[in-house]
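The next block holds one structure in the form of structure tokens; read it before the comments.
All heavy atoms count here, side chains included; hydrogens, waters and symmetry mates do not. Chain letters run A, B, ... following the sequence lines, proteins first and then strands; every chain starts at 1.
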Protein chains: 2
Amino acid sequence: MPRVSSKIPGVQGCAVERTLSLIEGKWKIVVLYKLLRGTLRFNELRRLMPLVTQRMLTHQLRELEADGLIIRTVYAQVPPRVEYSLSARGRSLEPVLMAMKEWGDTNLSSQEAQAA
Amino acid sequence: MPRVSSKIPGVQGCAVERTLSLIEGKWKIVVLYKLLRGTLRFNELRRLMPLVTQRMLTHQLRELEADGLIIRTVYAQVPPRVEYSLSARGRSLEPVLMAMKEWGDTNLSSQEAQAA
DNA sequence: CATCACGGTATCCTTTTTGACACTATGGGC
DNA sequence: GCCCATAGTGTCAAAAAGGATACCGTGATG
């Protein structure tokens with residue numbers, strides 16, 4: 001099924017790279033990771049990630065949405081209510097996120113944090 | 001299954017993030033991916049990735065080395081000979097790389113490349 | 001009428017990343 | 001002596017990413 005771009009010879013890694021490019025943004029994986037547990041409102045996300053500025057969070061969310069990884073639902077209410085949840089596509093990234101988390105837990109345990 | 005890191009409260013995603021930070025560089029995953037198949041010399045890598053400038057490749061390799069993911073072996077020969085290979089730590093990233101590759105192959109097959 | 005909460009925007013600036021391009025050292029071969 | 005290959009460095013500039021800060025619109029509430 002390595003049906004990637006087929007043609008281009010030296011660019012097999014492309015699939016890996018393109019996958020990476022979707023989750024590269026500074027806080028994107030964190031967002032995805034949080035959303036694995038369920039839908040969250042904008043400000044709930046903010047509270048979970050106090051270090052992210054509003055502008056950044058909005059921006060990352062918009063990109064994740066554009067890439068079809070999350071779904072943004074706006075409720076026409078007065079204090080606005082906007083909910084974010086993973087799309088099927090986004091949820092399918094779970095194995096990737098988990099592989100990364102496990103690797104990190106194992107290999108970055110502050111102990112051997114730097115070069116082993 | 002919210003088994004997170006337990007300790008640090010607001011920074012559970014940290015492991016994931018830090019893992020990501022090691023492979024984020026523009027061409028790093030490609031390098032790692034290529035090295036999964038075995039040791040390569042500097043120019044072999046260059047030939048495999050014609051779009052990377054020499055400066056960039058060197059830079060990425062240095063960072064990968066600093067993070068303990070690859071091993072750089074210099075042979076004191078006259079046309080210099082420098083070989084790069086994965087360290088044990090680097091090789092342990094294989095599941096992550098594979099998870100990403102598989103996701104990419106499945107979800108980025110040019111067809112549904114954009115938002116599903 | 002002022003205030004509040006929510007979910008943003010807009011603007012500006014700094015830092016980081018990436019790229020272009022040229023230059024270097026070494027020792028062997030011609 | 002000059003050129004070659006390998007594996008780099010160095011410098012500069014462009015582009016992308018990220019951050020700080022401030023402002024906006026809407027109804028409900030007081």
Side-chain angles (χ1 to χ4, degrees), chain A residues 10-11 13-14 16-32 34-35 38-67 69-85, chain B residues 10-11 13-14 16-32 34-35 38-67 69-85:
Chain A
V11 199
C14 227
V16 196
E17 266 215 289
R18 296 211 289 156
T19 300
L20 181 59
S21 75
L22 298 186
I23 58 179
E24 256 184 342
K26 190 86 184 285
W27 306 95
K28 282 187 187 173
I29 4 154
V30 186
V31 170
L32 292 173
K34 302 286 185 194
L35 289 181
T39 298
L40 288 171
R41 296 181 57 167
F42 184 76
N43 274 359
E44 288 174 333
L45 279 167
R46 283 197 70 187
R47 277 187 283 274
L48 289 172
M49 306 183 286
L51 297 178
V52 199
T53 64
Q54 194 167 29
R55 183 188 156 292
M56 259 300 118
L57 183 55
T58 302
H59 189 62
Q60 303 295 295
L61 288 168
R62 286 288 154 40
E63 285 191 2
L64 288 170
E65 190 194 6
D67 288 332
L69 299 179
I70 65 174
I71 293 166
R72 177 169 180 264
T73 312
V74 183
Y75 296 88
Q77 299 181 358
V78 163
R81 173 189 182 83
V82 180
E83 289 185 348
Y84 292 94
S85 58
Chain B
V11 199
C14 225
V16 195
E17 267 215 287
R18 296 212 287 158
T19 300
L20 180 59
S21 76
L22 298 185
I23 59 179
E24 257 184 338
K26 188 87 182 282
W27 307 95
K28 281 186 185 175
I29 5 154
V30 186
V31 170
L32 292 173
K34 302 287 186 194
L35 289 182
T39 297
L40 288 171
R41 297 182 56 170
F42 184 76
N43 274 0
E44 288 174 332
L45 279 167
R46 284 197 68 187
R47 277 188 283 273
L48 289 171
M49 308 184 282
L51 298 178
V52 198
T53 63
Q54 196 167 27
R55 185 187 154 295
M56 258 299 118
L57 183 54
T58 301
H59 189 61
Q60 304 294 297
L61 288 168
R62 285 288 157 27
E63 286 191 0
L64 288 169
E65 190 195 5
D67 288 331
L69 299 179
I70 64 174
I71 293 166
R72 178 170 178 263
T73 312
V74 183
Y75 295 87
Q77 299 182 359
V78 164
R81 173 189 183 83
V82 179
E83 289 185 349
Y84 291 94
S85 57

Review point. In Å, rounded to the nearest 0.5 Å, how long is the span from CZ of B/Arg46 to CG of B/Leu51?
Key: 11.5 Å
Check your understanding: Less than 4.5 Å apart, any side-chain heavy atom of A/Asn43 and any of A/Arg41?
Key -> no
Check your understanding: So do A/Leu22 and A/Arg18 actually touch side chain to side chain, heavy atoms under 4.5 Å?
Key -> no
Review point. Rounded to whole angstrom units, what separation is found between the CZ atom of A/Arg46 and the C1' atom of C/dT9?
Key: 13 Å
Check your understanding: Hey, does the side chain of A/Lys26 come within less than 4.0 Å of C/dT16's phosphate (OP1/OP2), counting only N and O?
Key -> no
**Study point:** Check: B/Val31 and B/Leu40 side chains under 4.5 Å, non-hydrogen atoms
**Key:** no
Review point. NZ of B/Lys28 versus C1' of C/dT16: gap in Å, rounded?
Key: 13 Å
Exercise for review: Mind running a 4.0 Å heavy-atom check of residues 52-62 of chain B against DNA chain C and sending the residues that fall below it, in number order?
Suggested key: B/Thr53, B/Arg55, B/Met56, B/Gln60
Check your understanding: What residue among A/Leu64, A/Ile70, A/Thr73 forms side chain to side chain contact (heavy atoms under 4.5 Å, CB included) with A/Tyr84?
Key -> A/Ile70
Check your understanding: D/dA20 C1' sits how many Å from A/Leu51 CG, rounded?
Key -> 14 Å
Practice item. First locate atom CE of B/Met49, then atom NZ of B/Lys26, and finally report the distance between them rounded to the nearest 0.5 Å. Key: 12.0 Å
Study note, to complete from the structure: Expected list for residues 73-85 of chain B near DNA chain D, using heavy atoms below 4.0 Å, is B/Pro79, B/Pro80, B/Arg81, B/Val82, B/Tyr84
**Study point:** Atom pair distance, as rounded to whole Å: CG in B/Leu40 and C1' in D/dT6
**Key:** 15 Å
**Study point:** Full working for side-chain contact (heavy atoms from CB on, under 4.5 Å) between A/Arg72 and A/Leu61
**Key:** CA-CA 9 Å; A/Arg72 177 169 180 264; A/Leu61 288 168; over 6 Å; no
Exercise for review: Could you tell me the separation between the CE atom of B/Met49 and the C1' atom of C/dT18, rounded to a whole number of Å?
Suggested key: 15 Å
Study note, to complete from the structure: On a heavy-atom basis, the closest approach of B/Trp27 and B/Gln60 is N-OE1, 4.0 Å
Check your understanding: Quick one: A/Phe42 CZ to C/dC6 C1', roughly how many Å, whole number?
Key -> 9 Å
Study note, to complete from the structure: Students should find that the end-to-end axis angle of the helix from C/dC1-D/dG30 to C/dC30-D/dG1, with five pairs defining each axis and rounding to 10 degrees, is 30°
**Study point:** Non-hydrogen atoms of B/Thr39 and B/Glu44 that approach each other most closely
**Key:** O-OE1, 4.4 Å
**Study point:** Residue pair B/Glu17 / B/Leu20, side-chain heavy-atom distance below 4.5 Å
**Key:** no
Practice item. Ignoring backbone atoms, test whether A/Trp27 places a side-chain nitrogen or oxygen under 4.0 Å from the OP1 or OP2 oxygen of D/dA17. Key: no
Practice item. Can you tell me the distance, in whole Å, between the CD atom of B/Glu17 and the C1' atom of D/dG18? Key: 13 Å
Check your understanding: Can you find a heavy atom in the side chain of B/Val52 that is under 4.5 Å from one in the side chain of B/Leu45?
Key -> no
